[in-house]
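As the structure is a prediction and not an experimental result, all values here were calculated from the model.
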There are 2 protein chains.
Amino acid sequence: MAGYGQFCPIAATAEVLTERWTPLVIRELVDGSRRFNDIQRGVPLMSSSLLTKRLRMLEAVGVIEHQGNEYVLTPAGEELRPIVDQMAVWGERWIRRTIRRDDADAAYLMWAIRSSVVTDAAPPGRTTVNFRFTATPRAKRCWWLVLEPPATDLCLTDPGYGTDLTVRSDPVILASVYMGDIPLAEALRHRTITLDGPSHLVRGFPKWFGLSSLIGIRQS
Amino acid sequence: MAGYGQFCPIAATAEVLTERWTPLVIRELVDGSRRFNDIQRGVPLMSSSLLTKRLRMLEAVGVIEHQGNEYVLTPAGEELRPIVDQMAVWGERWIRRTIRRDDADAAYLMWAIRSSVVTDAAPPGRTTVNFRFTATPRAKRCWWLVLEPPATDLCLTDPGYGTDLTVRSDPVILASVYMGDIPLAEALRHRTITLDGPSHLVRGFPKWFGLSSLIGIRQS
DNA sequence: CGGGATCCTTGACGATACTG
DNA sequence: CAGTATCGTCAAGGATCCCG
C-alpha cells in the first residue's frame with residue numbers, strides 16, 4: 001500500500017487506522033475483547049489470517065500488546081477510543097439508513113445480541129433460546145443462546161439442553177430492532193418476529209433482549 | 001472492496017472514511033480548500049483521476065456538494081472535523097517519529113509552508129523566495145514562493161520577478177523545522193538550512209515562515 | 001484455541017495521455 | 001483549470017487447508 005509521503009500526523013494516523021477491517025478490530029478491543037476468537041466473533045467475515053496480520057501490525061505500531069493469549073490495548077490504543085466513538089456518532093447521525101440485507105450478517109448480529117443481553121433480567125436457571133433466521137445461508141441460519149446468569153453463551157450447534165424458547169425472524173428485521181429502528185413490540189405484533197415457548201418466557205424476552213448501546217447517540 | 005456486512009455505525013463510517021487518501025482529502029476540505037487544484041496540491045501524490053473518484057464518492061454519500069467549480073462540505077461533512085482533529089491529536093501524540101525521507105515529499109511540504117505563511121509579518125511589496133532542495137527528484141527540487149501580502153503564491157517555474165531570497169535545505173530538515181522537531185534557529189546555526197539574500201530579508205524570514213498549526217497538540 | 005502457509009483472484013491504484 | 005480515458009500491475013485480501 002505504501003504511505004502517503006506526508007509528515008502530517010493525520011496521514012500517520014490514517015496509515016495505521018484505515019486499512020480494511022482495522023477500525024472494527026479496534027472497536028472490538030475497545031469494547032473489551034482480548035482473546036483472538038472473541039475478537040473474531042465481532043468481525044466474523046474477516047479471515048483469521050487477515051486478523052492475525054492486523055493484530056501483528058497493531059502490535060508493531062504500539063497500539064496493542066500481546067501477552068500470552070491476550071491482546072491488550074496500550075495507552076496509545078486506549079486513546080483511540082475517542083476516534084472510534086466519534087466514528088460511531090457520525091455514522092449514526094449521517095449514514096444510518098434502513099438496514100440493508102448486505103449489512104445484516106447473522107453471525108455479527110448474534111454476537112452483538114449476545115454482548116447486549118441484560119443478564120440481570122434473564123430468567124433464573126438455564127434458558128436455551130433458539131434463533132432461526134429466514135433468508136439466510138444454511139450455515140448461519142440457526143443459533144443457540146444459552147442464558148445462565150450471569151453467563152451468556154452463543155453456539156452454532158445445539159448445545160444439547162433442549163430448547164426453551166424459539167425466536168424466528170429475518171435478520172434484517174432483528175437487526176433493525178436491535179438498532180432501534182423498529183420497536184420490538186411492533187415487530188412482535190406484526191409477527192415479523194415470532195416467539196414460541198412458555199408464555200412466561202415469551203413475556204420475559206423483551207426484558208433481557210438488550211438493544212444496541214449506540215442508540216440515542218443521534219440526538220447530540 | 002465491498003462492505004463489512006455489519007449494521008454497526010462504526011462500520012458505516014469506516015466504509016466512507018477509510019478508503020485510501022480519503023482522510024487527507026477531508027483534511028483539505030476541512031482546512032478550507034474548495035477548488036479541485038487546491039485540494040490536489042494538498043495531496044500531490046494522489047492522481048487526479050483518483051481524486052475525482054473520491055470526490056464523487058464523497059458527494060454520493062452526502063459529505064460534500066459540488067457547485068460549479070467548488071466542492072463544499074455539507075453539514076454532515078462539517079461534522080467530520082472532530083474525527084480528523086482526533087486523528088491529528090493521536091498521530092501527533094503516538095506515531096510521530098523522526099520524519100523519514102519517505103514522509104517529506106517536497107510538493108506537500110511546500111504547499112504546507114505556503115498555507116502557513118504569516119502574511120502579516122511578510123515584507124511589504126513583493127518578495128520572491130526561491131526554495132532549493134537537496135536529495136530531491138529534479139522535478140520537485142526548485143520552488144518559488146511569491147509573497148505579496150496579503151497573497152501568497154507558489155510556483156514550480158520561475159515567475160520571472162527575479163529572486164530576492166534563496167532558501168536551501170534538505171526537505172527532511174525543513175519538514176522537521178515546520179513540524180517543530182528542530183528549532184529554526186538551530187538549523188540556521190548548523191547551516192542545514194541556509195538563506196541567501198539581503199540581510200533584512202534573511203532576518204525577516206523567521207517572522208513570516210509559519211510552523212504547523214498542529215504543533216503543541218501533543219501535551220493534552 | 002490460536003494461529004500459519006498457500007494459492008489465487010480482483011479491483012484498487014498508479015501512470016500516462018488527452019480534452020473542452 | 002478541471003477533469004476523462006485507458007491500461008497495466010500488483011498486492012491486498014478472500015478461500016482453503018493445515019498444524020501444535
Q.
Can you list everything that forms a side chain to side chain contact (heavy atoms under 4.5 Å, CB included) with B/T192? Sequence neighbours excluded, please.
A. B/I173, B/A187, B/H190
Nearest whole angstrom, please: distance from the [atom2] of [N] to the [atom1] of [X].
{"X": "A/M46", "N": "C/dG2", "atom1": "CE", "atom2": "P", "result": "16 Å"}
{"X": "A/I39", "N": "C/dC1", "atom1": "CD1", "atom2": "P", "result": "13 Å"}
{"X": "B/L51", "N": "D/dC1", "atom1": "CG", "atom2": "P", "result": "14 Å"}
{"X": "B/L45", "N": "C/dA12", "atom1": "CG", "atom2": "P", "result": "21 Å"}
{"X": "A/E19", "N": "D/dA11", "atom1": "CD", "atom2": "C1'", "result": "12 Å"}
{"X": "A/W21", "N": "D/dA15", "atom1": "CH2", "atom2": "P", "result": "10 Å"}
{"X": "B/R54", "N": "D/dG3", "atom1": "CZ", "atom2": "C1'", "result": "16 Å"}
{"X": "B/Q40", "N": "C/dA15", "atom1": "CD", "atom2": "P", "result": "13 Å"}

Q. Under 3.5 Å, is there a donor-acceptor pair between the B/Y178 and B/S116 side chains?
A. yes
Q: Give a yes-or-no answer on whether the side chains of A/T22 and A/R54 include a donor-acceptor pair shorter than 3.5 Å.
A: yes
Q: Can you pull out how bent the helix from C/dC1-D/dG20 to C/dG20-D/dC1 is, comparing the axes over its first five and last five pairs, to 10°?
A: 60°
Q: Sequence neighbours left out, what pairs pass side chain to side chain donor-acceptor pair (under 3.5 Å) with at least one residue falling in residues 124-134 of chain B?
A: B/N130-B/R132
Q) Would a 4.5 Å heavy-atom cut-off, applied to side chains only, mark B/L17 and B/L80 as touching? A) yes
Q. Sequence neighbours excluded, which residues qualify as side chain to side chain donor-acceptor pair (under 3.5 Å) partners of B/S213?
A. none
Q.
Which residues pass the side chain to side chain donor-acceptor pair (under 3.5 Å) test with B/D103, not counting sequence neighbours?
A. B/R97, B/R100
Q) Hey, which of these two, B/D38 or A/L50, hits DNA chain D nearer its 5' end, going by closest nucleotide? A) B/D38
Q | C/dG2 OP1/OP2 closer than 4.0 Å to side-chain N/O of A/R35 | A | yes
**Q.** Residue of the set B/Q86, B/E92, B/M87 for which side-chain contact (heavy atoms from CB on, under 4.5 Å) holds with A/T13
**A.** B/M87
Q.
Is the distance between the ring centroids of A/Y4 and B/Y108 under 6.0 Å?
A. no
Between the protein and nucleotides 3-5 of chain C, which nitrogen or oxygen pairs come in under 3.5 angstrom?
| unit_1 | atom_1 | unit_2 | atom_2 | d |
| --- | --- | --- | --- | --- |
| C/dG3 | OP1 | A/R56 | NH2 | 3.4 |
| C/dG3 | OP1 | A/Y71 | OH | 3.3 |
| C/dG3 | OP2 | A/Y71 | OH | 2.6 |
| C/dG4 | OP1 | A/R56 | NH2 | 3.4 |

